[in-house]
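Since the structure comes first, as structure tokens, the remarks are kept for the end.
Within every chain, numbering begins at 1; the chains are lettered A, B, ... in the order of the sequence lines, protein sequences first and strands thereafter. Atoms considered below: every heavy atom in the structure, side chains included; atoms not considered: hydrogens, waters and symmetry mates.
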Protein chains: 2
Amino acid sequence: MGITLKELAASLKLSPTTVSRALNGYPEVNAKTRKRVRDAAEHANYHPNTRARSLATGRTHAIGHVIPLSASHEIVNPVFADFIAGAGEAYSRADYEMVLSMVPDAQEEQAYRNMIARGAVDGLIVHGPKLNDPRIALLTQLGVPFVVHGRSSGVTAPYSWLDINNNRSFRRATEFLLQLGHRRIALVNGLENMDFAMRRRTGYLQALKDAGISADPVLMRQAEMTEVFGHRAATELMRLPDPPTAFLSSSMLVAYGLRRALVDQGVRMGRDVSVITHDDDLSYLPNGDGLPLFTATRSSVRDAGRKAAEMLLQLIDAPKQPPLTCLMETTLIVGESTGPAPQ
Amino acid sequence: MGITLKELAASLKLSPTTVSRALNGYPEVNAKTRKRVRDAAEHANYHPNTRARSLATGRTHAIGHVIPLSASHEIVNPVFADFIAGAGEAYSRADYEMVLSMVPDAQEEQAYRNMIARGAVDGLIVHGPKLNDPRIALLTQLGVPFVVHGRSSGVTAPYSWLDINNNRSFRRATEFLLQLGHRRIALVNGLENMDFAMRRRTGYLQALKDAGISADPVLMRQAEMTEVFGHRAATELMRLPDPPTAFLSSSMLVAYGLRRALVDQGVRMGRDVSVITHDDDLSYLPNGDGLPLFTATRSSVRDAGRKAAEMLLQLIDAPKQPPLTCLMETTLIVGESTGPAPQ
DNA sequence: CCGGATATCCAAAGCGTTTTGGAAAACTGA
DNA sequence: TCAGTTTTCCAAAACGCTTTGGATATCCGG
């Protein structure tokens, strides 16, 4: 396709060595020739062939993302688009490329093994960690730099991760509702084999316990986080003899569903029933226009992607350093969906 | 990382040539040795180094996706996750990998040029074509196989694309509403510099014209397709002295917003006001549980991704063939959001 | 048993880079 | 001026694979 180094060198009447060094900023080349080379390269739109370069250097300048497709329904987690967008920023700044592979849970391990055995990537981002996730052990054993988006309860050996404080986040949200006088608070959660969902649940339970309220299993639901699930959960819960006065939701989409169900039941949100949702601050799911629609625990997943990528690049540059970790706090944003518990 | 061909060959007391041929299915190798080689490769988890291979063959076995970030708000189009998931299926079946790059509109051309000059990919998928999109000319000129997801009105030279019949889709939806007696139909569209949005508008206008109804500019809105936009649009439109009795929406999220606004206004959807939305059949945005919530023009964007990928692979295998095109019809699904126009 | 076809293997070149280990030229200071 | 640096360049090897062009061994019919 493009012009090759050898050709460029020939056209300049220089050796490939010199041209390579000139372009890569090595000192042993005259400032004047360097400029000459750079100009010529620019003019010919020369870009070194990635494959050849990585073969020579042993570094691929590529990061792998393996996105799990939820086994049951093959649902793509909608947060991943924004996460990727954030990570992509960091990569393009550092001149890395991103290779993506979406695989059903079952083939995940093979996907990782392949990527690494084929020398396709310098590092990996692990998405959607579950409790006790086996991928972490696999990757540490294989000795590849990686960063987990989230954590995996049960894995004791240290590893690099970036996560939001799901526990504290949902504890605070629950406390907020308790302070408003709510006593029956429902938790409409993601699948609790996912680590984040488990932590949110724990935070919720802790807050209840601290307030001396015993948790009611009937008020806790978990499923794939869709609008339809939110609607179904709220519909069922509101039909209980002793329905909740407040809901805690794990995603904006679920919260949409809650709201619709509440409307269906003729209940007014923020007055009769309160809702707090987690808000990943997705670009295409803004929480309201000016004032936030929902009271929410917010944390930008796009920022998370950017940060995780930066951590990984750092890890790749200095392979022997201990694991990096980053715990981000969410901000509790008060919107129109919460109010004092009805008497 | 992994074991190399030379090492594998040495351990088998064979030449690299023979091992390579054995694994790649060339005929000039004894069936018995082939089996021996294959077993050994399996056992050692040997995978040929992608970079080296592509350097030797000149084929990268990688497809590039350049996802535009909407310049104004850096919004990631939510359909892209599912599209990618579909494409990913096709790629992994064919042993291709997917390299992704998300760039703001302004740097897009450079992103394409770089990918190609660096020999990073064998082909490209073009996302989010605009009217008269310059990328198409660029890529044809560069001579790289590519498939456009969507089309670009104004580009006359032939190129490969896969699209849904946006025009007919919205024409039918409009006709459906007209048959129900609606006369004031609002169009809540995506940004109309996007090709798909323009075609939908055209379809809508044609149906109105065929029915002898003059279009009212006030009833046509366009913006980034978010829930908030849907809400704002419907709120404003319903406050008109002569409000619409039906809405046509370009995405599920927008439709969510419409519904919320209608509820706010105390209007009942499917009874007082009808809504038809386009439904990309996103995995995380199912349109209702059993019965569809919204009457919708549905077309799975995941299928589109799979199909587009297959087309591209075909194009790569036989480079000199004429462009491929694929026009998919949407299905009009009747849900609970439409009904006869109120008298 | 022998010349020619066929089956089976291998050495070496090449893909486009980077990098090692000099060589030649230009510059030092005494 | 001249030995010793320093600057500036280059030839060649290497990365891990595929592929070309044989070489050797085995088989065949007559």
Handout entry: Under 3.5 Å donor-acceptor, B:N77 side chain and B:V79 backbone
Key = yes

Note: contacts of residues 21-42 of chain A with DNA chain D (heavy atom, under 4.0 Å) are A:R21, A:E28, A:V29, A:N30, A:T33

Heavy-atom nearest pair, B:P322 first then B:L315, reads O-CD1, 4.4 Å

Does NZ belonging to A:K130 count more than 12 external heavy atoms closer than 6.0 Å? yes

inquiry  = For C:dC9 and B:T17 - does any side-chain N or O of the residue sit under 4.0 Å from the phosphate oxygens OP1/OP2?
reply    = no

Assert: residue with more 5' nearest nucleotide on DNA chain C, out of B:K13 and A:T18, is B:K13

### Task
Taking A:N49 for its side chain and A:R51 for its backbone only, find out whether a donor-acceptor pair lies under 3.5 Å.
yes

Please tell me if the side chains of A:K32 and A:R36 come closer than 4.5 Å, counting only heavy atoms from C-beta onward. no

### Query
With distance as the sole criterion, is a donor-acceptor pair present between the side chains of A:S153 and A:D195 under 3.5 Å?
yes

From CG of B:L5 across to C1' of C:dC15 the rounded distance in Å is 15 Å

Taken to the nearest whole Å, CG/B:L14 to P/D:dA23 is 21 Å

| task | Give a yes/no answer on whether the side chain of A:S15 brings an N or O atom under 4.0 Å of OP1 or OP2 in D:dC10. | result | yes

Residues in residues 44-56 of chain A with a heavy atom under 4.0 Å of DNA chain D, by number, are A:L55, A:A56

Rounded to whole Å, the NZ-P distance (A:K6 to D:dA11) equals 12 Å

| task | For this output row, return yes or no: ring centroids of B:H127 and B:F83 closer than 6.0 angstrom. | result | yes

Is A:S20 close enough to C:dT17 that one of its side-chain N or O atoms is under 4.0 Å from OP1 or OP2 there? no

Side chains of A:Y96 and A:R59 only: does a donor on one sit below 3.5 Å from an acceptor on the other?
yes

